[in-house]
Amino acid sequence: RGDPAASLLDILDPEQNNIFVDNYIEEPFDLSNVFFILTANDVSTIPPALYDRLEIINLNSYTLFDKLVIFKKYLIPKIYSEHLIKNNYLKFSDEMITYLIEKYTHEAGIRELERLLKTIVRKYITNNLTTGTNSNVIINKKNLINYLGNPKYGIEEQKKTLTPGLVNGLAYTTFGGLVMSLECCFYEGHGKLITTGMLGQSMNESITVAISYLRSHSVE
């Protein structure tokens, strides 16, 4: 069916994994002594039957500091070498690297970060060829917009002073954790609780606990 999970289930079944037949080649393969290594960004999308046959090894996503170091020590030398430019031609400060990571990427790894650096380098080279110059460039917020467009992601500042109806919530995604502001309002109705947005089960439970406490202490 073109479904990798279904094929893996067939292969990993101990009763028949030594007589696996590929539908394209139509030849039997003995896979009884084959060790499969798989990667997944989100284990929640793995079918339960397949998940039960796997040994899961969780790897933490890169922190902002990790990405900063990788960008400076590995991505810049690698990509600059591929495009035959020197380090002093295109300069990034730590502040601008951090800005690039926070405002233009939203990932656990560095694939998108690497693609963005390649885009910046190529546009820099193209601009030099077009204008006939070979000027050095220090990346700042203004010329970063020229290379990559407006920032894609905004980092909400955590509010230190909370007002009624507003609370900081913690969210976990496949890209890492974040702080998000939750707002509420009340109006005449039938006492129903309505939530909006892509809220997970834990967040919905927290909201239910909060409203249950308020109702049980309504006199106070």
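No hydrogens, no waters, no symmetry mates; every other heavy atom, side chains included, goes into these values.
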Check: E112 side chain, H106 main-chain N or O, donor-acceptor pair, under 3.5 Å
no

So, R111 and E114, do they make that salt bridge, N to O below 4.0 Å?
no

As an exercise, state the distance from CG of L117 to CG of L90, rounded to the nearest 0.5 Å.
7.5 Å

For E102 and Y153 the tightest heavy-atom approach is O-CB, 3.8 Å

4.5 Å side-chain heavy-atom contact, I70 and L113
no

CG of L182 to CG of L170: how many Å apart, nearest 0.5 Å?
9.5 Å

Just do the side-chain contact (heavy atoms from CB on, under 4.5 Å) check on D66 and T63 with the steps written out, would you?
CA-CA 5 Å; D66 292 333; T63 65; 3.0 Å; yes

In this structure, OG1 of T98 is separated from CZ of F71 (nearest 0.5 Å) by 10.0 Å

Measure the CZ-CD distance between R122 and E82 for me, rounded to the nearest 0.5 Å.
8.5 Å

Residue pair A40 / I46: nearest heavy atoms and the distance that separates them
CB-CD1, 4.3 Å

Rounded to the nearest 0.5 Å, how far apart are CD1 of I110 and OG1 of T105?
10.5 Å

F65 atom CZ: more than 12 heavy-atom contacts under 6.0 Å
no

Does a sphere of radius 6.0 Å around CD1 in I57 hold more than 12 heavy atoms from other residues, nucleotides or ligands, not counting ones at 6.0 Å or beyond?
no

Between K103 and P151, is there a donor-acceptor pair closer than 3.5 Å when you use the side chain of the first and the backbone of the second?
no

With side-chain contact (heavy atoms from CB on, under 4.5 Å) as the test, would you mind laying out the steps for S181 and V167 before giving the verdict?
CA-CA 6 Å; S181 296; V167 67; over 6 Å; no

d(R115 CZ, L148 CG) to nearest 0.5 Å is 12.5 Å

If hydrophobic clusters are built from ILVMFWY residues whose side chains come within less than 4.5 Å, do M198 and I207 share one?
no

Are I76 and L84 linked, directly or through other ILVMFWY residues, by side chains that come within less than 4.5 angstrom of each other?
no

Looking only at heavy atoms, the pair that brings Y104 and N150 closest together is CE2-O, 3.6 Å

Checking side-chain contact (heavy atoms from CB on, under 4.5 Å) for the pair M96/L144: CA distance, chi angles, key distance, verdict?
CA-CA 9 Å; M96 284 312 304; L144 194 60; 3.9 Å; yes

Do V69 and I97 belong together in a cluster built from hydrophobic side chains that touch within less than 4.5 Å?
no

Do Y51 and I37 belong together in a cluster built from hydrophobic side chains that touch within less than 4.5 Å?
no

Distance-minimising heavy-atom pair for K72 and P77:
O-CD, 3.5 Å

Where at least one partner belongs to residues 179-216, residue pairs that pass ring pair (Phe, Tyr, Trp, His ring centres under 6.0 Å), sequence neighbours excluded
Y213-H217

Test item: T163 side-chain N/O and L166 main-chain N/O as donor-acceptor pair under 3.5 Å
no

Excluding sequence neighbours, so at least two apart, what forms side-chain contact (heavy atoms from CB on, under 4.5 Å) with N140?
K142, N143

Can we call the ring centroids of Y80 and Y89 under 6.0 Å apart?
no

Would you say L54 ends up clustered with L59 if hydrophobic residues are merged whenever their side chains have heavy atoms under 4.5 Å apart, either directly or through other cluster members?
no

Got a sec: does the CD of E95 have more than 12 other heavy atoms crowding it under 6.0 Å?
no

For residues 131-138, which side-chain N or O atoms pair as donor and acceptor with protein atoms under 3.5 Å away, sequence neighbours left out?
from	atom 1	to	atom 2	distance (Å)
T131	OG1	N127	O	2.8
T131	OG1	T133	OG1	2.8

